[in-house]
Amino acid sequence: MTAAPTPADASLHTPVIAWFETHARDLPWRRPEAGPWGVMVSEFMLQQTPVSRVLPVYEQWLARWPRPADLAAEPPGEAVRAWGRLGYPRRALRLHAAASAITELHGGEVPSDHAELLALPGVGEYTAAAVASFAYGQRHAVLDTNVRRVFARAVSGAQYPPNATTAAERKLARELLPHSEPVAARWAAATMELGALVCTARTPDCARCPIAARCAWRAAGSPAHDGPPRRGQTYAGTDRQVRGKLLAVLREALEPVPQRTLDAVWDEPVQRARALDGLVADGLVEPLPDGLYRLPLT
DNA sequence: GAACCGTGGAT
DNA sequence: TATCCAAGGTT
């Protein structure tokens, strides 16, 4: 096989990074004082949750738990409570578990090694690369939904990337990575920001895109998505909705809550019981004797 | 690989 | 009003 490799391409790097220099948002986790722990907290919170909703919770979280050991010293239920309404509260539990692992295994410092990051609870391929790149300036392909969409359009000529990240996408991302470590870290942040602010999912603002002239999707006439339908998620009536209602009650409660109080949030008993059992199985809720429930102390 | 896991703003 | 979508990870 002698297929020419796609080289890291300065004709993309230069305009995207230049755009980033003047258009990047001033987000708290991008400030130097955030440190690796601030970056990690932000990455957990931003998993499937918009920046605008993360901002206030992030500030409260870092003020209360400025170091991993501070969080690890408190019960996991306090992390769940402080998570508020960000959604997917298992992330709070995993962030607490990650803080404990960092405290016990890494001397209280967020590891800089990609493999060590990946081994932490709640840290997957994306988050490990993001922390290593944003917090430590390393050279990694950071493939989140924004970057995948930018590459799908600008390089591959498709409106949307595949539903699940493919090997081809990883290969492309690695090939496009600038060779210089600091430039690669800048590229990662810049492509993500471009996807978040300009090359958005619904209505991309191509008039403000620094690489519109080189965009394969535009060159092809901005063809509509032709792959399998993008996953739509119903929510009303699901176990997730019931779990959310149950946990909302427990988050607000300062003392253990009796079963009958939880029963009031959903009238279908089978589904209600299944949801509560699920929360207990996930470690988000701790059952006590006499039919009482609370956020977990351990 | 598919299903599951919250929440709320925008369109 | 209903659908889409938001810096994913785990099972």
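The basis for the numbers below is simple: all heavy atoms, side chains too, and nothing from hydrogens, waters or symmetry mates. This one's a predicted model, so the numbers in the text were calculated from it and none came from an experiment. The sequence lines fix the lettering, A, B, ..., with proteins before strands; numbering per chain opens at 1.
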Novice: What residue pairs, at least two apart or across chains, pass side-chain hydrogen bond (donor to acceptor under 3.5 Å, both in side chains) with a residue in residues 129-142 of chain A?
Specialist: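 Sorted result for residues 129-142 of chain A: Gln138(A)-His140(A).
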Novice: Taking only residues two or more places apart in sequence or in another chain, which ones pass side-chain hydrogen bond (donor to acceptor under 3.5 Å, both in side chains) with Thr127(A)?
Specialist: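 By the side-chain hydrogen bond (donor to acceptor under 3.5 Å, both in side chains) rule, Thr127(A) matches Gln47(A).
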Novice: Which whole number of Å gives the distance between the P atom of dC5(B) and that of dA7(C)?
Specialist: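 Approximately 22 Å lies between the P atom of dC5(B) and that of dA7(C).
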Novice: Applying side-chain hydrogen bond (donor to acceptor under 3.5 Å, both in side chains), which residue pairs with at least one partner in residues 90-115 of chain A are found, sequence neighbours left out?
Specialist: Thr49(A)-Arg91(A)
Novice: Rounded off to whole Å, could you give me the CD-to-P distance for the Gln241(A) and dC4(B) pair?
Specialist: 15 Å
Novice: Enumerate the residues from residues 244-262 of chain A whose closest heavy atom to DNA chain B is under 4.0 Å, giving them by residue number; use none for an empty result.
Specialist: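 Gly244(A), Arg251(A), in order of number.
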Novice: When you get a sec, tell me which of dA6(C), dG8(B), dA7(C) is the closest nucleotide to the side chain of Leu46(A)?
Specialist: dA7(C)
Novice: So Tyr160(A), base contact, sugar-phosphate only, or nothing? Heavy-atom distance under 4.0 Å.
Specialist: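 Sugar-phosphate: the residue Tyr160(A), judged by heavy atoms under 4.0 Å, touches backbone atoms but no base.
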Novice: What nucleotide, of dA7(C), dT11(B), dT10(C), holds the atom closest to the side chain of Arg202(A)?
Specialist: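 Among the listed nucleotides, the one closest to the side chain of Arg202(A) is dT11(B).
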Novice: Of all the nucleotides listed (dG8(B), dA7(C), dG6(B)), which has the minimum atom distance to the side chain of Tyr235(A)?
Specialist: dG6(B)
Novice: Classify the nucleic acid contact of Trp29(A) as base, sugar-phosphate or nothing, counting any heavy atom under 4.0 Å across all strands shown.
Specialist: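 Here Trp29(A) touches the bases of the nucleic acid.
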Novice: In this structure, how many angstroms lie between the P atom of dA6(C) and the CZ atom of Phe44(A), rounded?
Specialist: 21 Å
Novice: Do Trp65(A) and Trp37(A) pass the ring-ring contact (aromatic ring centres under 6.0 Å, His included) test, and can you show the C-alpha distance, the side-chain angles, and the key distance before you say yes or no?
Specialist: CA-CA 10 Å; Trp65(A) 298 308; Trp37(A) 173 237; 8.9 Å; no
Novice: If only side-chain N and O atoms of Arg85(A) are considered, is one of them under 4.0 Å from the OP1 or OP2 phosphate oxygen of dG8(B)?
Specialist: yes
Novice: Would you mind reading off the distance between Leu95(A) atom CG and dG8(C) atom C1', rounded to a whole angstrom?
Specialist: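 Between C1' of dG8(C) and CG of Leu95(A): 14 Å.
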Novice: Using a 4.0 Å heavy-atom cut-off, does Ala130(A) contact any base of the nucleic acid, only the sugar-phosphate backbone, or nothing at all?
Specialist: nothing
Novice: Choose from dG6(B), dT7(B), dA7(C) the nucleotide whose nearest atom is closest to any side-chain atom of Arg91(A).
Specialist: dG6(B)
Novice: Determine which pairs satisfy side-chain hydrogen bond (donor to acceptor under 3.5 Å, both in side chains) with at least one residue from residues 192-205 of chain A, sequence neighbours left out, and list them in order.
Specialist: Arg25(A)-Glu193(A), Arg30(A)-Glu193(A), Asp205(A)-Arg208(A)
Novice: Could you tell me the separation between the CZ atom of Arg240(A) and the P atom of dC5(C), rounded to a whole number of Å?
Specialist: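 Answer to the nearest Å: 16 Å.
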Novice: Under the side-chain hydrogen bond (donor to acceptor under 3.5 Å, both in side chains) rule, collect the residues that match up with Thr165(A), sequence neighbours excluded.
Specialist: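 If we apply the side-chain hydrogen bond (donor to acceptor under 3.5 Å, both in side chains) test to Thr165(A), skipping adjacent residues, the hits are Arg148(A).
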Novice: Give Arg149(A) one of three labels, base, sugar-phosphate or nothing, depending on what nucleic acid heavy atoms sit under 4.0 Å from its own.
Specialist: sugar-phosphate
Novice: Between Gly195(A) and Leu120(A), who's closer to the 5' end of DNA chain C by nearest nucleotide?
Specialist: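 This one resolves to Gly195(A).
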Novice: dA6(C) C1' sits how many Å from Tyr126(A) OH, rounded?
Specialist: 12 Å
Novice: Taking atom C1' of dA6(C) as reference, at what distance in whole Å does atom CE of Met192(A) sit?
Specialist: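 These atoms are roughly 13 Å apart.
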Novice: Can you identify which nucleotide, out of dA7(C), dG6(B), dC5(C), has its nearest atom closest to the Pro89(A) side chain?
Specialist: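 Comparing dA7(C), dG6(B), dC5(C) against the side chain of Pro89(A), the answer is dG6(B).
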Novice: Round to a whole Å and report the spacing from CD of Glu193(A) to P of dA7(C).
Specialist: 10 Å
Novice: Toward the 5' end of DNA chain B, which comes first, Arg243(A) or Thr203(A), by nearest nucleotide?
Specialist: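 Nearer the 5' end of the strand: Arg243(A).
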Novice: Among residues 49-58 of chain A, which ones have heavy-atom contacts with DNA chain B below 4.0 Å?
Specialist: Thr49(A), Arg53(A)
Novice: Do any side-chain atoms of residues 243-262 of chain A form donor-acceptor pairs under 3.5 angstrom with protein atoms, and if so which ones, sequence neighbours left out?
Specialist:
residue, atom, partner, partner atom, Å
Arg243(A), NH1, Asp282(A), OD2, 3.0
Arg243(A), NH2, Asp282(A), OD2, 2.8
Arg251(A), NE, Gly84(A), O, 3.4
Arg251(A), NH1, Gly84(A), O, 3.3
Gln259(A), OE1, Tyr293(A), OH, 3.2
Gln259(A), NE2, Asp263(A), OD1, 3.1

Novice: Looking at every strand, decide which applies to Val123(A) at a 4.0 Å heavy-atom threshold: base, sugar-phosphate, or nothing.
Specialist: sugar-phosphate
Novice: Does Glu268(A) pair with Arg272(A) as a salt bridge, N-O distance under 4.0 Å?
Specialist: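 Salt bridge flag = no for Arg272(A) with Glu268(A).
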Novice: Just checking Thr127(A): base, sugar-phosphate only, or nothing, at a heavy-atom cut-off of under 4.0 Å?
Specialist: sugar-phosphate
Novice: I want to verify a distance call: between dT7(B), dA7(C), dG6(B), whose nearest atom is closest to the Tyr88(A) side chain?
Specialist: dG6(B)
Novice: Looking only at side-chain N and O atoms, does Trp266(A) offer a donor or acceptor that is under 3.5 Å from a partner on Gln271(A)?
Specialist: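 Yes, a side-chain donor-acceptor pair sits under 3.5 Å.
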Novice: When the C1' atoms of dG8(B) and dT1(C) are compared, how many Å lie between them, rounded to an integer?
Specialist: 15 Å
Novice: In whole angstroms, how far is the P atom of dC5(B) from the CG atom of Asp277(A)?
Specialist: 13 Å
Novice: At less than 4.0 Å, is any side-chain N or O atom of Gln48(A) found next to OP1 or OP2 of dA6(C)? Yes or no.
Specialist: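 No, because none of the side-chain N or O atoms of Gln48(A) sits under 4.0 Å from OP1 or OP2 of dA6(C).
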Novice: Using heavy atoms to find the nearest nucleotide of DNA chain C for Gly122(A) and Ala196(A) separately, return the residue whose nucleotide is more 5′.
Specialist: Ala196(A)
Novice: Applying side-chain contact (heavy atoms from CB on, under 4.5 Å), can you list everything that pairs with Gln60(A), at least two apart in sequence or on another chain?
Specialist: none
Novice: May I ask you to decide if Ala216(A)'s main-chain N or O and Arg153(A)'s side chain share a donor-acceptor pair within less than 3.5 Å?
Specialist: no
Novice: Please determine if Arg67(A) and Asp70(A) form a salt bridge, counting it only when a charged side-chain N lies under 4.0 Å from a carboxylate O.
Specialist: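 Salt bridge present between Arg67(A) and Asp70(A).
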Novice: Would you indicate what Gly124(A) reaches in the nucleic acid, counting non-hydrogen atoms under 4.0 angstrom: base, sugar-phosphate, or nothing?
Specialist: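 Answer is sugar-phosphate: Gly124(A) comes under 4.0 Å of backbone atoms only.
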